[in-house]
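Here's the structure, in C-alpha cells; my notes come after.
Residue numbers start from 1 in every chain, and the chains themselves are labelled A, B, ... in the order their sequence lines are given, proteins ahead of strands. Computed from heavy atoms alone, side chains included, the values below leave out hydrogens, waters and symmetry copies.
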There are 2 protein chains.
Amino acid sequence: MGRRRVTLADVAKATGVSTTTVSLVLAGRGAELRISDDVQRRVRSTAQELGYRRNTLSVGLRTGHTQTIGFVSDTVASSLLAGNMIKGAMEAAHQRGFMLFCGESGGDPDVERALVEAMHDRRVDGIIFAAMYTRTVAVPEGLDDGPAVLLNALPAAYSPVPSVLPDEVEAGRAAARILVDAGHREGVHLVGAGPGLDDVPPNSIAARERLIGMLQVFEAAGVEVVSAHQCPKWMPEDGYDATREILRHHRPRALVCLNDRLAFGAYQALAEAALSVPDDVSVVSYDDHPIASWVRPRLTTIALPHHELGAKAVEVLFAASERRRRTKSAPVVHRVPMSVQLGESVRTVPAPSR
Amino acid sequence: MGRRRVTLADVAKATGVSTTTVSLVLAGRGAELRISDDVQRRVRSTAQELGYRRNTLSVGLRTGHTQTIGFVSDTVASSLLAGNMIKGAMEAAHQRGFMLFCGESGGDPDVERALVEAMHDRRVDGIIFAAMYTRTVAVPEGLDDGPAVLLNALPAAYSPVPSVLPDEVEAGRAAARILVDAGHREGVHLVGAGPGLDDVPPNSIAARERLIGMLQVFEAAGVEVVSAHQCPKWMPEDGYDATREILRHHRPRALVCLNDRLAFGAYQALAEAALSVPDDVSVVSYDDHPIASWVRPRLTTIALPHHELGAKAVEVLFAASERRRRTKSAPVVHRVPMSVQLGESVRTVPAPSR
DNA sequence: AATTGTAAGCGCTTACAATT
DNA sequence: AATTGTAAGCGCTTACAATT
C-alpha cells in the first residue's frame, strides 16, 4: 500500500520493450526464445532498479499456480512438536519460493471442510492435511480436488491421498531393543497402552504400531511383559497413576512409557516411592518432547521426526503435483524413521545366570 | 483441480442474467442497487446449486483485497506458547473470513524481509510481526508498506507500527503481591534476572518489566530481595544452577522465577536439597507453560495471554486498515492483562511479630 | 424511476503475428 | 531466421450506459 507497486508494464516502458519481452526474460525463458543478451540485461537491470516484484495474484489467475500451499491441522497449540512439523514444512516450502497458509480445525469436520475450501478459493497448489498425533483421520471432502498429502495420519477409509508418517513399528522395536540389549529380561511394564493391540487411545496409530514393534522384539528375546496399562490421555498425571498402580503389585525393573509426558508422571511416582532411575528402574519412552531432556536423569526416548515429516510432506506434495493425470495407483504411504535419543534412564543389567 | 471450477459467468448464464447482477447480488449489494427480489433469489439458488465459490485471486487482483493476512514470527517451534498466539490470531482471522499466511524467520533479518516481501507479493491485507518472547525487535523494511502490527514486541527504533503485548509490569506486581499477601517478608530471591533492571536477557522486555513491577511492590511492602540471579537462557538447567547457587549461601523462603522452566529447574534443586515446596520454600513464576501444571505441587504462575494476544493483534490490524490515510498519530501500544494461575506452590506465612 | 447490461481494467502469460 | 510486439484472456468489480 502507500506507494503504487511497480508493474510489468512499468518495467517494459522504462526499458523500452514490450511486456512480452519483460515477462519472458524475467521468467528465465529469454534464452529459449532468443531474446538478445543486450535486451535481457537491460530488462533485468531496470526491473531491479524499479524494485519490480511479480504480482502473485495475477500470475495465479493467469496460470493457475500461486506458489502457495495450504497446511490444515487439527491443533497446533496442544503440542509444540507440532510446531516443528509446521516448521519443517515451511522451510521446505520456502526453499522453493512457496508460502504456507495455515489453518487449524480443532478437529471439527465442518471447520476442516471450510478451511480446505477457503484454501482452494485462494488457489493453493496443494494441501497438507496434518494430525498432531499419529492417527487415522476422515479425509475431508474436497481435499482431493487438488494435490494433497496426509501428514502424520492415515485415511480412515480408502482415499487416493498419499500419507507421510513416522515409522512407529520400527520405533517400537528400537525401544524394546534398548531394554533387551541392556540385559533386561524381567520386570518389564508398559505405561500408556496394551496389553492388547486394541488397548490404545482412539484411532491412535502410534500406540498400536509401537506395541506391535515392541511385542515382536520382546517375544523374540523371550521377555515377558508383566503388565500393561492403557491410559486415556497420555499426560503426566496418567503416567503417575499407572505407575502407582504398577508399584502396588509389582517391583518393576523397567518401564516403557508410550510417550515422554507419561514418563514424566512415572518419574514422579517412582520418586515418591523412593525408587531411583535408572538404578532401580529403567525408563524408556517415545517422542523426544523437550521434557525428556529436562528431567534428571535425562530420558532415553525414541524421537518423533517432526521436522522431517513436515519437509517430507512438502516433497511428496510436489511430486504429486508433477505426477498429476498419470494413472492412479494405490495411495502411497511414506514412512520417516524415528531415531533413538540416548539419555541416562536405562541401566545395564549384569548378564543373567545361564 | 480435476473438474473446472464454476465461475461467475457460469452462474450468470445458468440464471439468465448478466455477471454484473450476479456479482452485485453475491456481494450483498443487491438491495442497495435495487435488484428485484426474484432475481436475487434465483441468483443465489443457482450459485448454490452449481457450488459457486468466488475466486479470491481475481477479486484480489481487481479490488486489492485478498482476505488474507500474513503472520511472520521468529520461531514457532521453540515454544508452544507461541502456538497459542498463532491459534488466537487464526481464529480471530477465520471468524472474519480471513486466512493466515505463516512464515518463520528464525530471527534472520534477511529471511524476515524475504517473508514480508513474499507476503506483499501475495497482496496480504496486513502483516502481524510476532516475537516469541516479549522483546524489542528491529522492524523489517517494507513491513509498513501496508497495515502491520507488532505482536509480543516493541520496535527497537521509532516505528509507526502499533504493538500488542502483555502487561508485564502489572504481572510483576501480581507475582510480588502473591508473596507479600501470603505474608512473605524475608528470604525472597529472584531466579532469572536482576538485581538491576539491565540484568536481563538481551532485548527482553518481559524480564525488565516484570522486575519493575516486582520491585515496586516489594519496596512498598518493605520486602528486601536478598539475591537475584540473571540467567542467560531461562531453561530448567539455568534455574537449577541458580537455585543451587542460592542454596550455597542462603536459606531461601521464597523464590520468584522469571518463567516456569526456570521454576522447574528450581524444583529439582530444591528437591535435591531436601527442601519441600511450599512448606520450606514458596515458588512463584511466570508464563503458565504446561510444565506449571505438571509439576507437584502445581506452580502458581502469572499466565501469558497468548491466545488473547494473537486475537488482539488481528483486531488491531483490522482497525489499522480501516483507519488508513488518517493523520498519523503516535504509534499505539496495546497491553493485554496477564492472569494469576493459582497452584499450590505458595505457603501462607504466619503473621510476623510486630 | 426502477432495473439490468456493456465494457473496461486489475497484472500478468502466451499463442500468434509482425518486423527486420 | 532471429528477434520482438499485439492482443486475448484468466475471473472478477464497477462506472456508466441502456432498457423498460
Can you say whether the rings of B:F318 and B:F98 are parallel (under 30°), tilted (30 to 60°) or perpendicular (over 60°)? perpendicular
Measure CG/A:D37 against C1'/D:dT3 and give the value in whole Å, please. 12 Å
Are side-chain heavy atoms of A:L309 and A:P166 found at a separation under 4.5 Å? yes
Between B:S73 and B:E104 (side chain of the first, backbone of the second, donor and acceptor by atom type, cut-off under 3.5 Å), is there such a pair? no
Under a 3.5 Å cut-off on both pairing distances, which runs of 3 or more consecutive Watson-Crick or G-U pairs involve DNA chain D? C:1-20 with D:1-20
Check the pair A:R41, A:R44 against side chain to side chain contact (heavy atoms under 4.5 Å, CB included), reporting the backbone distance first and the verdict last. CA-CA 5 Å; A:R41 221 172 302 119; A:R44 279 187 227 282; 6.0 Å; no
Validation row: B:P155, B:V161 side chains within 4.5 angstrom (heavy atoms): no
Give the rounded distance in Å between these two atoms: CZ of B:R122 and P of C:dC10. 22 Å
Measure from CD on A:Q40 to P on D:dT4 and round the result to the nearest Å. 9 Å
A:Y133: which residues meet the ring-ring contact (aromatic ring centres under 6.0 Å, His included) condition with it, sequence neighbours left out? none
Where do A:V22 and A:Y52 land on the side chain to side chain contact (heavy atoms under 4.5 Å, CB included) test, with the steps shown first? CA-CA 11 Å; A:V22 177; A:Y52 171 70; 5.6 Å; no
Summarise how protein sits on nucleotides 12-20 of chain D as a single string, 5' to 3': B when a protein heavy atom is under 4.0 Å from the base, S for sugar-phosphate-only contact, - for no contact. BBBB-----
May I have the distance from A:I35 (atom CD1) to D:dA2 (atom P), rounded to whole angstrom? 14 Å
Any side-chain heavy-atom pair from A:S18 and A:T21 closer than 4.5 angstrom? yes
Protein-nucleotide distance (A:L61, atom CG; C:dG9, atom P), rounded to Å: 17 Å
